[in-house]
Amino acid sequence: MTAYDAVVIGAGHNGLASAIHLAAQGWSVAVIEGRDEPGGAVKTRELTLPGFRHDFAAMNLSMFAGSPFFAAYKEELISHGLGLVPAKHCFASVFRDGTCLGVSTDIEETAGAIAAISSADAAAWRKLFAEFGADAPHIFGLLGSPMPSLAAAKVVWKAWREKGSGWLYDTARMLLASPRDFLDTRFQNDKVKAMMSAWGLHLDFAPDVAGGALFPYLESMANQAFGMVIGQGGADTIVKAMTGLLKAKGGELLLGTPVERVEVSSGRATGVRLADGRVIAARKAVISNAHPKLLFGKLVDTDPAREAFDRRIANFRAGPGTMMIHLAMEDLPDWKAGEALKSFAYVHVAPDLAMMSRVYSEAMAGLLPTEPALVIGQPTALDPSRAPEGNHVLWVQVRVLPAEIRGDASGMIAGTDWDEVKEAYADRVLDILEGYAPGMKAKILGRAVFSPLDLERENPNLIGGDNLSGSHHLDQNFLFRPVAGYSRYRTPVKSLYLCGASTWPGAGTGAGSGFMLAKMLAGKR
C-alpha cells in the first residue's frame with residue numbers, strides 16, 4: 001500500500017496550492033484527480049473549432065495574480081510557464097440607450113467617463129478610490145486570514161488602532177449592506193450604480209440582497225487600482241504551472257483515478273480507496289478539494305455521531321446556475337456603444353438594477369429568465385494567441401439561472417429539461433447580444449453551449465451549474481462557510497480537511513483556502 005503524508009482529493013487550484021505548499025515544507029504529497037486533466041473549472045480547450053482556445057469556465061485570473069499564494073511562489077510559477085496578460089481596460093456595462101460606462105486603470109479616464117454623466121459621481125468615485133487605497137490592506141488582510149483566527153483578530157486590531165472605531169462600524173455596515181443600499185449612499189446616477197452592481201451577480205447577490213455590497217466595491221476599486229488579468233494562452237496557464245511546480249517539489253499527480261471512498265478508522269481519516277481498488281494511505285491528512293456535499297454524501301461513510309453536521313452539510317445551499325456559451329468569431333462584436341468597447345476584457349449586459357432584481361427573482365422561482373445577466377469576455381482583445389490570426393473567441397457567461405426548470409418567464413420555451421432547451425435558450429442570449437452589437441450573429445463561426453447540467457457533468461463540484469460551490473449569502477459566508485463551527489477547514493473526522501470555493505473565503509481563483517489550510521497544517525497559523 002502506497003503512503004504519503006497528505007493525500008489531496010481533486011486537482012483544482014486550491015487543492016494544488018495546498019499540495020505545493022505542503023511539499024515545500026517537506027511533506028510527501030499525492031494529488032488524486034478523477035478526470036484525465038487537472039484544473040477543475042479552470043480549463044482551456046478547443047471547444048468550437050481547431051485553433052480557437054476557450055476558457056471552459058473561469059477566465060478572470062485577477063484574484064490569483066493578487067493572492068498570497070502567488071506572492072509566495074511567483075518566480076517558481078513563472079519558471080514553470082505561468083504567463084499573465086494584464087488588461088488596462090477592465091470592465092464596462094452597456095445600457096439600453098446605446099451608451100456604455102467602463103473602468104480602466106487610468107483614474108482620469110474612468111472619472112472622466114463618469115463626469116460626462118454626473119460630475120458629482122465622478123467626485124464620489126475619486127473619493128471612494130482614495131479611501132480604498134488606505135482600506136485595502138485591512139480588507140484584503142481579513143480575506144486572507146482563516147475565519148476565525150488570531151491572524152484575523154490582529155487585522156481587526158490593527159485597523160482599529162490606525163482607523164478608529166468609526167471605520168470599523170462603517171466597514172461592518174458595508175459587509176452587511178445590499179449593493180443598492182451601499183451605492184445609493186454614495187452615487188446618484190443609475191448607470192454608475194448598474195456598472196458596479198453587475199459584479200454582485202458574479203456571486204449570487206441581486207441588488208437588494210444583504211451582504212452583497214462587498215464584491216461590487218472590491219472588484220470596482222481593485223480593477224481601478226490594479227487592472228484585470230487573464231492567462232497567456234488560456235486560464236489553464238495557472239494549472240500547468242502549478243502541476244509543474246508540484247512535481248518539481250516531489251509531489252505526485254494521479255489523473256483519471258476517481259476516489260471511491262475516504263478510509264476512516266477510529267474516527268480518523270487514514271487514506272483513500274480508488275475506484276480501481278487501490279488504497280493510498282495518508283499519514284497526516286486527507287485534504288478534500290471536493291464539494292462538501294460530495295465528500296459527506298458519497299465519499300465518507302455515514303456515522304450517527306455526525307448526524308447534526310451531516311444534516312447541515314445536506315442543507316448547504318447552492319448558488320444560482322450558470323450557462324457558458326463559447327463562440328468562435330470572425331471578429332469582435334461591433335458594439336453600439338462604440339469601438340472603444342472592443343478593448344475591454346469584460347462587457348456586462350445588465351443594464352439596470354430593476355433588470356438585475358427581476359432576473360434573480362425569476363431564476364429563484366425556477367423560471368428561465370426573460371433577460372438574463374450576461375458577462376461577455378473578450379480575451380482575444382488582449383491575447384490574440386487564443387484564435388487563428390484575425391479571428392477571435394467570445395466567452396459568454398449567462399448568470400443567474402435555475403438548476404431545475406419549472407417554466408419560462410417569457411412563455412416562449414416549453415421544455416423543462418436543460419438538454420432539451422439549452423440551444424433555444426442560447427439563441428435567446430444571442431438575440432439579446434445582437435441588440436447591443438448588431439451583426440454579431442453573422443460573425444459566429446462556431447459555438448459550444450454548456451447548460452448548468454452540462455457544467456455539473458463536466459465538474460461534479462458545480463452542483464446544479466453553481467460555479468460558486470455554494471451561495472455566499474450571509475448565513476453561508478465568513479464564520480458560517482460551509483457551516484458554523486467548521487470554517488477553519490477541519491471536519492468532524494480527524495485528519496480530514498476541506499478546501500475550495502465551499503470554504504472561506506469562497507469562490508474565485510485566489511487559491512486562498514488551499515494555501516491557508518496548508519500553512520495551518522504546516523504549523524504556521
Side-chain angles (χ1 to χ4, degrees), residues 8 10-21 31 33 37-45 53-74 77-78 80-87 90-91 140 143-144 199 202-204 214-215 218-219 222-223 226-246 289 291 319 322 324 345-346 375 377 379 382-383 386 395 397 399 455 458-459 461-462 466-470 472 481 499-518:
V8 180
H13 59 280
N14 274 291
L16 290 170
S18 270
I20 289 167
H21 189 68
V31 179
E33 171 58 50
E37 61 178 321
V42 184
K43 295 175 181 175
T44 307
R45 296 174 178 164
R53 286 178 53 78
H54 305 268
D55 289 339
F56 174 73
M59 172 186 146
N60 182 356
L61 302 183
S62 300
M63 292 179 71
F64 185 85
S67 70
F69 173 79
F70 179 66
Y73 292 99
K74 178 178 180 179
L77 288 166
I78 291 173
H80 282 88
L82 176 68
L84 299 176
V85 180
C90 306
F91 70 94
F140 286 118
L143 294 174
W199 283 108
H202 280 252
L203 297 182
D204 57 334
L214 177 63
F215 199 59
L218 286 183
E219 281 291 343
N223 276 269
F226 311 118
M228 190 182 287
V229 173
I230 67 171
Q232 178 71 48
D236 64 347
T237 184
I238 67 172
V239 176
K240 292 176 180 177
M242 292 175 86
T243 54
L245 180 55
L246 172 67
N289 194 182
H291 194 289
T322 303
M324 293 301 309
Y346 271 0
V375 186
L382 311 173
D383 177 17
R386 297 186 183 206
W395 179 95
Q397 189 176 67
R399 301 296 313 176
L455 294 184
E458 173 67 27
N459 184 344
N461 288 319
L462 307 181
D466 167 28
N467 64 349
L468 310 175
S469 286
H472 286 66
R481 192 164 188 87
C499 69
S502 296
T503 64
W504 170 258
T509 57
S513 62
F515 190 41
M516 284 189 277
L517 169 60

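Because only heavy atoms are used, hydrogens play no part in the values below, and waters and symmetry mates are left out as well, while side chains stay in. Each residue takes its place number in the sequence, starting with 1.
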Novice: Does some side-chain heavy atom of T243 sit less than 4.5 Å from a side-chain heavy atom of V239?
Specialist: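 Yes. Closest side-chain heavy atoms under 4.5 Å.
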Novice: Going by distance alone, is a donor N or O of one side chain under 3.5 Å from an acceptor N or O of the other, for N14 and S513?
Specialist: yes
Novice: Any sub-3.5 Å donor-acceptor pair from T44's side-chain atoms to D236's backbone N or O?
Specialist: yes
Novice: Give a yes or no on whether the backbone of G40 and the side-chain of H13 come within a donor-acceptor separation of less than 3.5 Å.
Specialist: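 No; judged by distance alone, with no hydrogens or angles, the pair does not exist.
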Novice: Give me the ring orientation class for W199 and Y346: parallel if the planes are under 30° apart, tilted from 30 to 60°, perpendicular past 60°.
Specialist: tilted
Novice: Out of curiosity, K43 NZ to E458 CD, how far, rounded to the nearest 0.5 Å?
Specialist: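 Answer rounded to 0.5 Å: 4.5 Å.
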Novice: For a 4.5 angstrom cut-off between non-hydrogen side-chain atoms, does H472 reach L214?
Specialist: no
Novice: With distance as the sole test, does S502 use its side chain to make a donor-acceptor pair with the main-chain N or O of H291 at under 3.5 Å?
Specialist: no
Novice: With sequence neighbours excluded, what pairs up with W504 under the ring pair (Phe, Tyr, Trp, His ring centres under 6.0 Å) test?
Specialist: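 Checked W504 against ring pair (Phe, Tyr, Trp, His ring centres under 6.0 Å); matches are F478.
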Novice: First locate atom CG of N289, then atom OG of S469, and finally report the distance between them rounded to the nearest 0.5 Å.
Specialist: 8.5 Å
Novice: Any side-chain heavy-atom pair from L218 and L143 closer than 4.5 angstrom?
Specialist: yes
Novice: Where do V229 and N60 come nearest, in terms of heavy atoms and distance?
Specialist: O-OD1, 3.5 Å
Novice: Are F515 and I20 packed together at the side-chain level, in the sense that at least one heavy-atom pair is separated by less than 4.5 angstrom?
Specialist: no
Novice: Please check: side-chain N/O of S18 versus main-chain N/O of G15, any donor-acceptor pairing under 3.5 Å?
Specialist: no
Novice: Check whether any side-chain heavy atom of D204 sits under 4.5 Å from a side-chain heavy atom of L468, and report yes or no.
Specialist: yes
Novice: Would you say that D55 contacts I230 through its side chain, given a criterion of any heavy-atom pair below 4.5 Å between the two side chains?
Specialist: no
Novice: With F70, which residues qualify under ring pair (Phe, Tyr, Trp, His ring centres under 6.0 Å), at least two apart?
Specialist: F64
Novice: Between atom NE2 of H21 and atom CE of M516, what is the distance when rounded to the nearest 0.5 Å?
Specialist: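 Between atom NE2 of H21 and atom CE of M516 there are 12.5 Å.
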Novice: If you compare all heavy atoms of N223 against all heavy atoms of C90, which two are closest, and at what distance to 0.1 Å?
Specialist: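 Looks like OD1-CB, 3.2 Å.
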Novice: Do R45 and R53 come within less than 4.5 Å of each other through their side chains, counting heavy atoms only?
Specialist: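 A side-chain contact is absent here, since even the closest heavy-atom pair is not under 4.5 Å.
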Novice: Which atoms form the tightest heavy-atom contact between G234 and D383, and what is the distance?
Specialist: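 Shortest heavy-atom separation between G234 and D383 comes out as N-OD2, 4.2 Å.
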Novice: What is the minimum heavy-atom distance between L84 and A65, and which atoms define it?
Specialist: CD1-CB, 4.0 Å
Novice: Hey, could you give me the OG1/CD1 distance between T237 and I78, rounded to the nearest 0.5 Å?
Specialist: 10.0 Å
Novice: Which pair of non-hydrogen atoms, one from L16 and one from A11, has the smallest distance, and what is that distance?
Specialist: CD1-O, 3.6 Å
Novice: Starting at CG of L82, measure out to NZ of K240 and round the result to the nearest 0.5 Å.
Specialist: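 Between atom CG of L82 and atom NZ of K240 there are 11.5 Å.
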Novice: Are the side chains of Y73 and M242 in contact, using a 4.5 Å heavy-atom criterion?
Specialist: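 Contact flag for M242/Y73 side chains = no.
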Novice: State the CG-CD distance between N467 and Q397, to the nearest 0.5 angstrom.
Specialist: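 Answer rounded to 0.5 Å: 5.5 Å.
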Novice: Tell me the closest heavy-atom pair linking A235 and A58, and the distance in Å.
Specialist: CB-O, 3.4 Å
